[in-house]
Amino acid sequence: MIGRFAIPGVYKDLFNLREFYICALGGALALMGIFWDWAGLAPAWISLVMALAAVAINGLPIVREAIQGIWERQVNVDELVSLAIIASCLQGEFLTAAVVSFIMTLGSLVEEAVSASARKSIQALVRIAPEQATLLTEGVERVVPVAEITTGDVLLVKPGERMPVDGEIIAGRTAVDESSITGEALPRERGVGDQVLAGTLNYNGVIEIKAVKVGEDTTLGKVIKLVTEAENHKPSAARLVDRYAAWFTPTVLALAGLAWALSGDVNRAVAVLIAGCPCALIMAAPTATVAAIGRAAKAGILIKGGQFLEEAARADVVLFDKTGTLTLGEPKVDDVVAGSGLETHEVIAWAACAEQNCAHPLARAVVKAAHYARITVRRAESILSEIGLGVRAMVDGDCIEVGSAHLGGGNAALPSPFKAHLEAMEARGATPIVVYRNKEPIGLLSVSDKPRPTAQATIQALKQLGMKSTGILSGDHERSVRKVAESLGVDKHWAGLKPQDKLEVIERLQTQEGRRIIFVGDGVNDAPALARANVGIAMGAAGTDVALETADIALTHDDISKLPFLIKLSRRTVAMIKINIGLGLLFNAVAIFGSGYGLLSPIMASLFHNIGSIIVVLSSASLAFFSEGRLAPKAV
C-alpha cells in the first residue's frame, strides 16, 4: 500500500472521499485513545480497544499489502512499515502502532493528491473530449455517441461545441480555439480544406467536417495515451533508483537491528524501520517525468517516454529535414516548361495523374496546380513510389515518372534546353521536378516553398541554448538547400540525400564525432533518420503516420518554435530528478540517523518521512507550471 503510492499510475484512482474518511476514522480513534489514556477519563481497556480498532483500520491494509508483495516476490517499503507496526504491537505500544498507521496512510493519501497535480493537464484533456457528436446522414442530423463515429462520417459542429474527432472542414468557416492541444492562445481561422483536431473549440461558426481520425487515433487520444504510457519508459536516473531500491529493505532491516542491539531500545529499531522507507527517493523520477510530459502535452509536444526527455537534455546537435519542416510544407508550382510538341497544361496533367495519391508536399503541389488549372486528373494504375526519388505509374498505357532528375540518370541525361531551365530553377532556390513519359523527359515543373516564419528565431534560440551545431538533411538540390540554410542561419547542410544517406550522416556524427542528435522531420523518407537519431521529432499535423510511429516526440501543430522550450523543459526535468534524488537521500539519511540515536520517536519518524515525500512531490509538480516563453517570429 505505502510502497504502491510511490508509483504514479498505480494509485491514480485511490484518493477519494471514501479512502479519506476511513483513514480519518482510524486517526480519530487513535487520538481519542491517546487523550483518554492521558486524561484517565475512562477505563484502560477502552483506550486499548480504540487503539486496536485504529490499527485494524489503517495498519492491517499495509500489512496485507506487504504480505502480498512477499508472496509475489516484490519486496518494497510496505514491509518496513509493517514490521514497525507489528513490533509496536508486540511490545504493547498499541497507541504508537495506531498513530504510526494513521500518519503513514494519511501521508500517502496527501502525496497522492499532490502528485495528481502533475496530471492536471492530462485530466483536463480527458474532460474536454466530447461524448456525443451530431452525425449528418443525407442531410438528416442525428446525435450519436462519439464512440460510434467512423472514418469518413460527416459531422455538424455548432458554435461553442468541441470537435469530436480529427477531421477536415468540408463546409463553413469558423475560428477554432486550439489552446487545449497546441497551447496557442489566440483562435485560428479555419475554412474548407483545413484540418481540425479533436477537443478543440469551435468558436463562432457552423461547420461540417469529415472524420479523418477517430478515437485513440486522434491527436487528443494520442496525447492521453502517450502520457499514460510514459510512466513505463523511465529515464536512466529512474532505472538507477529502481535497481538500488531493492537493497533498501535489507539495509534498513540491518540498521534497525544494529540500533536495537547497541541501545537495547526496541522503539529505536521501530523508528529506524519507519524512517528508512525510501518513498521520497522512489518518487523522485516518476513524479518529475509525469509532470514534465504533462506540461509538454499542454504545449503541443507529445513525448513517448521519460528517457526521451533525458536524451533531449543531453543533445548537442539539431538536424532538420527541409520541406515541410523548416519550410511551410505548402509548395506551389510557379513555372512549367513543356517539351517539344506539348503544352504546359499537358505536362501538368501527366504529372498530376501519377502524383494524385502521393502524400509528399511536392506531389500535393502538383495536384493542386492541376486543380487550379481545371485539368481533369485521369486514373493511374500500378503506382510505385520510390522513396527519395519520385513516383512511377501507368496512365493510359504510358509509363509516367515524376520526380528528381535521378529517375532518368541525373542532370547530365537531360536534353540541353531542359538542363538550362533546370539550372535556372535551382539558381533561384526552386525545386525542379522532371516529368518522364516512357523514359523520355517531356517537361519540367518548378516548385517553391517558403520558410516558416518562426524558423529563423528557432535556430537562433537553439544556438543560445548551447547547441554546438544545426544542420539540414534534404533530398532537394544543393542550391535550394543552401539558400534556406543561409537565410535561416543554419550552420551546415547536406543536399541530394536519399533516406539511407540521411541515416549515414547521422551515424557518422554519432560515431565519429560523438554527437547526440535531435532530428526533426515529417515524411516517410525521414523514418530511418528519426529512428536512428538519439531523439526523433516528427511534425504531428503534417507528418505521415510512419514518421509519427517512428519518432520519439511529435509536435502536434507543426510548430518548430516549440523546440527550444522542449530542450529547456527536458534540462529542467533532469536537474529536478537529480535534486529530488538528493533530497530523498538526505531525508532518509537524517531520519535514520536521528531514529538510531533516539532523537526521533516512531511517531516523529513517520511525520518526518511523509514531510520529505511531500516536498519531493511538490518540487516535481512545479514542472507542470514551467514557463514556455515566446519566440519573436522573424520573417525571412
Side-chain angles (χ1 to χ4, degrees), residues 124-125 128-130 133-134 136 141 146 149 153-214 218-220 222-223 297-302 323-334 359 361 364-365 367-369 371-372 448-458 522 539-543 554-562 565 628 630-636:
L125 289 175
I128 67 173
T134 303
L136 289 178
E141 299 180 16
V146 170
I149 297 173
D153 284 347
V154 176
L155 308 171
L156 181 69
V157 185
K158 301 174 184 178
E161 294 181 346
R162 293 193 177 273
M163 308 296 173
V165 297
D166 285 3
E168 177 183 346
I169 298 178
I170 60 174
R173 190 169 188 84
T174 187
V176 180
D177 180 355
E178 300 174 341
S179 58
S180 58
I181 302 294
T182 67
E184 176 61 45
L186 297 176
R188 295 194 178 201
E189 290 291 328
R190 292 286 183 260
V192 175
D194 290 334
Q195 303 292 317
V196 292
L197 305 177
T200 57
L201 180 65
N202 181 17
Y203 208 69
N204 56 7
V206 178
I207 57 174
E208 295 179 13
I209 64 173
K210 181 173 69 174
V212 177
K213 294 182 179 180
V214 300
T218 64
T219 300
L220 176 62
K222 288 179 179 179
V223 170
K298 188 176 180 180
I301 305 170
L302 308 187
T323 304
T325 302
L326 285 177
T327 63
L328 289 170
E330 300 174 358
K332 296 180 180 179
V333 175
D334 53 21
R364 293 199 297 268
V367 175
K368 192 177 293 184
H371 173 73
Y372 289 152
S448 60
D449 195 6
K450 294 182 179 180
R452 293 180 182 273
T454 57
Q456 187 178 34
T458 298
D522 72 320
M539 307 294 279
L555 304 177
T556 60
H557 214 66
D558 299 348
D559 189 355
I560 61 172
S561 68
K562 302 290 186 180
F565 167 72
E628 183 173 345
R630 283 289 173 186
L631 290 177
K634 295 186 178 182
V636 294

Nearest non-hydrogen partners of [X] and [Y], listed with the distance:
X	Y	value
A133	I149	CB-CD1, 3.4 Å
L156	E161	O-OE1, 4.0 Å
D334	S448	OD2-OG, 2.8 Å
E168	V212	N-CG2, 3.9 Å
A365	V333	O-CG2, 3.7 Å

Rounded to the nearest 0.5 Å, how far does [atom2] of [Y] lie from [atom1] of [X]?
X	Y	atom1	atom2	value
K213	Q195	NZ	CD	9.0 Å
T458	D559	OG1	CG	7.5 Å
K450	K332	NZ	NZ	6.5 Å
D194	I169	CG	CD1	5.5 Å
L555	I301	CG	CD1	6.5 Å

For the residue pair [X] and [Y], establish whether any side-chain heavy-atom pair is separated by less than 4.5 Å.
X	Y	result
T134	P164	no
P451	L328	no
I560	M539	yes
E189	R173	yes
L136	E141	yes
V196	D166	no

State whether the side chain of [X] and the backbone N or O of [Y] hold a donor-acceptor pair below 3.5 Å, judged by distance alone.
X	Y	result
R162	A198	no
N202	K158	yes
R190	A175	no

